[in-house]
Amino acid sequence: MNNRQESGRSYVIIGDGIAGSSAAEILAEETDSASITILSAESEPLYNRILIKEYAKGKLPRDVVEIHDQSWYDERGIDLRLDTRVQTVETGEKTVVTADGERIAYDELIVATGGTPRQLPVPNGSADGVTTFWTVEDAARIREQASEAETGAIVGGGLLGIDYAAVAAAQDVEAHYLIREDRWFARAMSPAGAAIVHDALRERGVEPVFETTVEGFETDPEGRVAATVTEDGRTYDSDFVGVAIGTEPNTAFLEDTPVTLDGGVVVDSHLRTGVESVWAAGDVTRYYDERFSTHLSNGTWESAATQGELAARNALADDSGDPFETVPSYTVNHFPFPIASFGHPSLGDAYVERTYGEREWRRLAFRDGMLVGGVLIGDLAPLKPLKELTASGARVQHRAPALLAQSFDGLTVEQAPTPVSSD
Ligand SMILES: Cc1cc2nc3c(=O)[nH]c(=O)nc-3n(C[C@H](O)[C@H](O)[C@H](O)COP(=O)(O)OP(=O)(O)OC[C@H]3O[C@@H](n4cnc5c(N)ncnc54)[C@H](O)[C@@H]3O)c2cc1C
């Protein structure tokens, strides 16, 4: 594949998160005189979204999240347009239209618009003090409000919810952590693994409450949140609330186009939409995973970066390019022990797990005999070899005891897995 002859063409990227920025970096590296434009709804260049929780905790300054400044784009000849929201795309005309009515022509378009946190559709769900968490501006608001709060409620039992819980703990907020399921991260954790996390939350002054649904919020006379009310009639004092109940992909600007949307921008394994010259990358995609023969969503920094690079390379390629094959992983470092989730644990049709000590535990998910994902607590040394097995698509379920060995560092030749392709 490649590319230098592509110079002179016009590449437009929507979104300057890690997916969009990574795409632009590859395009700048691989072309000589192409026009590369990034349109970003945010007011600042790429920053480290996964570090904004540390800023919100109140311990680190805002500049800890900085990645690129304007000069980074200038040096690469990338035209970065901040505060520029895309309103629609005319795919027949190959033109992007911004909210200000500007029309920008493209030869190749990469959509990298990520997602937006869902709000709770309940009375006072958007009252002052009820927050969601995605941008550095959100982090600044959360930092300030949590630092002034004495009591709090966190809503949503997933990976962003636990970040919120850690922020509340770091800011000495006496918080209840309201989880709809019977445990934290129920789509990946068993009761035994989740119990380790629940204990660690309690040690930090955050009390988990299970199988509970928020009915609404009470406010004070100024309209600020004062309490969280659940459907079972309980009331939790909360002058700070964090809502982390999932995200909606940012696809509204594509609704009147032929691009297929179904829980995100639907792309094939090469990140192509069904529409000529339109690609997508990062959290906004529902991408086809060839290993598991299904469409999946992202949600990790590393996958978004890899997809951005790949979308750019494939947009430049003369042939069909490469498929996306990265096995994602996500690490939680709020406690004295690390937690890592890898692959797609919720895809499993069979699970095995083992507890090694008070705070060391592992659970693995298999589907059709393949290792599709898992969660590790305490010792992350086996993460790399386990991810490699997931990447291989080999059927290894019958090797579960070896995979659960405390010091697992890969399968030996005798334990050689059966490749899927030979079945
Ligand atoms: C608090 C927090 C903690 C996280 N922690 C981790 C972690 O520990 N590990 C991990 O792997 N992942 C973590 N993540 C997830 C990770 O940050 C995301 O997976 C990653 O940032 C997705 O990158 P992206 O480029 O696809 O989308 P985004 O980062 O969401 O960027 C998309 C950009 O597109 C812009 N945009 C949207 N619509 C338009 C439009 N119409 N016109 C122009 N621009 C538009 C948005 O404003 C945004 O700037 C965390 C996320 C958050 C919020």
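Order of listing sets the numbers, starting from 1, for every ligand and every atom in it.
- From the protein, the heavy atom lying nearest to atom 8 (O) of ligand 1 is Lys53 NZ, 2.8 Å.
- Salt bridge absent: Glu137 and Arg49 never bring a charged side-chain N and a carboxylate O closer than 4.0 Å.
- Looking from atom 42 (N) of ligand 1 to the surrounding protein, the closest heavy atom is Val86 N, 2.9 Å.
- Look at Glu108 and Lys94 and you find no salt bridge, because none of the NZ, NE, NH1 or NH2 atoms lies under 4.0 Å from a carboxylate O.
- In this structure, atom 29 (O) of ligand 1 lies nearest to the protein heavy atom Arg49 NE, 2.7 Å.
- Among all non-hydrogen protein atoms, the one lying nearest atom 35 (C) of ligand 1 is Gly15 CA, 4.0 Å.
- Applying the 4.0 Å criterion to heavy atoms of Ala19 picks out, from ligand 1, the atoms 25 (O), 26 (O).
- Close approach to Gly299 involves these atoms of ligand 1, each under 4.0 Å from a residue heavy atom: 12 (N), 15 (C), 19 (O).
- If you check the side chains of Ser190 and Glu353, you find a donor sitting under 3.5 Å from an acceptor.
- Nearest protein neighbour of atom 3 (C) of ligand 1, counting heavy atoms only, is Asp163 OD2, 3.3 Å.
- Salt-bridge check for Glu54 with Lys59: failed, with every basic side-chain N at 4.0 Å or more from each acidic carboxylate O.
- Side-chain atoms of Ser10 and Asp107 include no donor-acceptor pair closer than 3.5 Å.
- No hydrogens or angles considered: a donor-acceptor pair under 3.5 Å links the side chains of Gln307 and Asn298.
- For ligand 1, none of its N or O atoms has an N or O atom of Phe133 under 3.5 Å away.
- Under 4.0 Å is where a charged nitrogen must lie from a carboxylate oxygen, and between Arg62 and Glu44 at least one such pair does.
- Summary of contacts: the protein heavy atom closest to atom 18 (C) of ligand 1 is Asp283 OD2, 3.3 Å.
- Classification of Arg224 and Asp128 as a salt-bridged pair holds, one side-chain N sitting under 4.0 Å from a carboxylate O.
- Distances below 4.0 Å separate heavy atoms of Gly114 from the following atoms of ligand 1: 27 (O), 30 (O), 32 (C).
- Of all protein heavy atoms, the one lying nearest to atom 14 (N) of ligand 1 is Ile50 CG2, 3.6 Å.
- At least one heavy atom of Leu160 sits closer than 4.0 Å to an atom of ligand 1.
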- Check step by step if ring-ring contact (aromatic ring centres under 6.0 Å, His included) holds for His198 and Phe210. CA-CA 10 Å; His198 302 158; Phe210 306 108; 4.5 Å; yes
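- For Trp134, heavy-atom contacts with ligand 1 shorter than 4.0 Å involve the backbone as well as the side chain.
- Here the heavy atom of the protein found nearest to atom 44 (N) of ligand 1 is Ala41 N, 3.0 Å.
- Close approach of ligand 1 to Ala112 is summarised as follows: ligand atoms under 4.0 Å from at least one heavy atom of the residue are 32 (C), 33 (C), 34 (O).
- Salt-bridge check for Lys387 with Glu302: passed, with a basic side-chain N closer than 4.0 Å to an acidic carboxylate O.
- Every atom of ligand 1 is numbered from 1 in the order shown, and the set under 4.0 Å from a heavy atom of Ala304 is 22 (C), 23 (O), 26 (O).
- Interface of Glu42 with ligand 1, defined as ligand atoms under 4.0 Å from a residue heavy atom, comprises 47 (O), 48 (C), 49 (O).
- Within the 4.0 Å heavy-atom criterion, the part of Leu39 lying near ligand 1 is the backbone and not the side chain.
- Each of the following atoms of ligand 1 lies closer than 4.0 Å to a heavy atom of Gly282: 26 (O).
- A heavy-atom separation below 4.0 Å is found between Thr84 and ligand 1.
- The aromatic rings of His176 and Tyr236 sit tilted, their planes meeting at an angle between 30° and 60°.
- Polar contact with ligand 1: absent for Ser40 (N/O pair, distance under 3.5 Å).
- Classification of Asp79 and Arg81 as a salt-bridged pair holds, one side-chain N sitting under 4.0 Å from a carboxylate O.
- Between Glu30 and Arg313 a salt bridge is recorded (basic side-chain N to carboxylate O distance below 4.0 Å).
- Residue-level proximity to ligand 1 for Trp301 is carried by backbone and side chain together, each with a heavy atom below 4.0 angstrom.
- At a heavy-atom distance under 4.0 Å, no atom of Ala252 approaches ligand 1.
- For ligand 1, the polar-atom distance check finds an N/O of Ile18 within less than 3.5 Å of one of the ligand's N/O atoms.
- Cation-pi contact between Arg363 and Tyr351: present, with separation from the ring centre below 6.0 Å and deviation from the ring axis of at most 45°.
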